[in-house]
Amino acid sequence: MQYQDVPRDDEAEKAILSIILSNPDRLIEVIDLLSPLDFWIISHQQIWTAIIEVFRAGHDLDIVSIRNQLKKSEVDVQPALTALSEAFNSEALDTNLFNFIKQVQNKSRLRKIIQTISNHSTAAYLENADASKVLNGIEKDILKISDTLIESKPINAEGIIHEVNADLAQSQERGWQGYQTGFVKLDSLTGGLIPTQSWIIGAYTGIGKSFFILQILLNVLRQGGKVVLFSTEMDRKINMLRLIGNIAEVGTINLMRGSLTEGEKIRVEKAKQELSSFKDNLIIYDNVYDLAELRLKSKKIKITNGLNIIAVDFIQNLRGKESLYERMSEAAVGLQQLAQELGVTMIIGSQVSQAAAGSYNKEAIEFKGAGEIAAIADVALWLSKPKNNSDESLRQVMIRKVRHGAPGWFEVKLTFPAGKVVDMEAGKLMYG
Amino acid sequence: MDNLMIEQRFEWLFDQWVKFKQKAIETDDYTMYNFFLKQLKKQFSQLYVNLEGKPMGEFVGEIIQLASCEMRENVIKYKDDKIPF
């Protein structure tokens, strides 16, 4: 194996500069792919910085404008100009531009990896070093580097149509683009849990929002989907007990007490086996309240294991800025962006405002905290007890918003004490 | 190289420049003209580096900037002319 001092590719760096200077119109294709620090040679960093500034200012890109920009930046112009002259001698073919960029990016990432490991190994040598803190630090920094490996999505029409065709082919093969919630009416009106979309499930306290979310997650797991639940209210073991109870049709309290009949014990064992079989397809966090940490953990799971659904129950418990409004705005937008970035469906449980809790007004979508919660939703559901109905187990699910479809409603039964949510298929379209 | 030779070389260069541009306008084909401008920029850029700080360097810089400007105009003109509707 051959070693070198520092990962670098001087010839590729020169080639990039040479091609861009000879073909300035190609800069627009590559400007987002390389930052100045991706170049190893300092003069090349200075030149690339100057090229970006000239481009942003809308000036013609040539050696004169670059030189003028270098002078403005108060760098020593001569070494940079000499480097430019050498770049001109490179005679690189412009058809190889993206290959040269990949080479430079690769060396840049290798340098970042070396730097990260070096920084953290220094920390590990300290007398009071904490291994878990060092590991967390390494994990964070390595994930930041691997972030840059996520392929950028196409932005031109051809690229986007290619993506759409791939999704349509998948839909035709499976019948669905994403995963089904398992509720017939809901799936038919929304198209199911489509990747990059955000779902908001709102309900007043005690209505059964968490049970409803768990039911959807269980249905997804049974279709082979991969889910992560960030439970900001309940312990992960309680969530697991609820899932066991759902499958075995046994109440959580009875499970915790151990007061089960023989039949229930058998069903509970089968439920545990089924849940164990999901292995890494089901991950539950009960100690994540910070959006940044939630992002980090989600990205890690996506990269290492794959991920289809992120569920957050519930959003109001996420910490951040002092005011509820600012906290919820930031959280709502952040979760929506995460769904789009990772190509997953985001399911967000939300409390509703006191005023809207008892409202059947189709216009009143008031999730507690900020209007952004409703605004970012591709699908907004509202769980409530039906009016004038003596059946305590019945719940009405109002599909208040569907960005790409029609609203509606349907009924479910929240079975006690197991917490299983049963589709009553009693809904009908509200309009038309 | 004496001043006369430099002057003659520049005169020849500008003659070529005018000929390429005239041809492009007449034939409505800017391919060769753009190629000429690209090569001119490349060669003059190396000269510009060597003349950094000297009065002649400024003159060479102006030629490069003129070539850049021409190339930009050609893109606009060429694209506009080729739009069929």
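These figures come from a predicted structure and were not determined experimentally.
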**Q** For A:Trp40, does the CH2 atom sit with more than 12 other heavy atoms under 6.0 Å from it, leaving out its own atoms?
**A** no
**Q** Quick one: pull up CG in A:Asp62 and OH in B:Tyr48 and give me the separation to the nearest 0.5 Å.
**A**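 Between A:Asp62 CG and B:Tyr48 OH, I get 8.5 Å after rounding to 0.5 Å.
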**Q** Is there side-chain contact between B:Lys41 and A:Pro24, with heavy atoms separated by less than 4.5 Å?
**A**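 Yes. Closest side-chain heavy atoms under 4.5 Å.
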**Q** Applying side-chain contact (heavy atoms from CB on, under 4.5 Å), run through B:Ser68 and A:Leu61 and close with a yes or a no.
**A** CA-CA 7 Å; B:Ser68 292; A:Leu61 188 67; over 6 Å; no
**Q** Going through the distances and angles, do B:Gln65 and A:Asp60 end up as a side-chain contact (heavy atoms from CB on, under 4.5 Å)?
**A** CA-CA 8 Å; B:Gln65 287 184 304; A:Asp60 290 325; over 6 Å; no
**Q** If you count every heavy atom of other residues, nucleotides or ligands that lies below 6.0 Å from B:Phe35 atom CZ, does the total exceed 12?
**A**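 For B:Phe35, atom CZ is not crowded (no more than 12 foreign heavy atoms under 6.0 Å).
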**Q** Please list, one pair per line, the donor and acceptor atoms closer than 3.5 Å that link side chains of residues 54-64 of chain B to other protein atoms, with sequence neighbours excluded.
**A**
none

**Q** With a 4.5 Å heavy-atom cut-off, do B:Lys42 and A:Leu21 have their side chains touching?
**A** no
**Q** May I ask you to check whether over 12 heavy atoms, not counting those of A:Leu110, lie within 6.0 Å of atom CG?
**A** yes
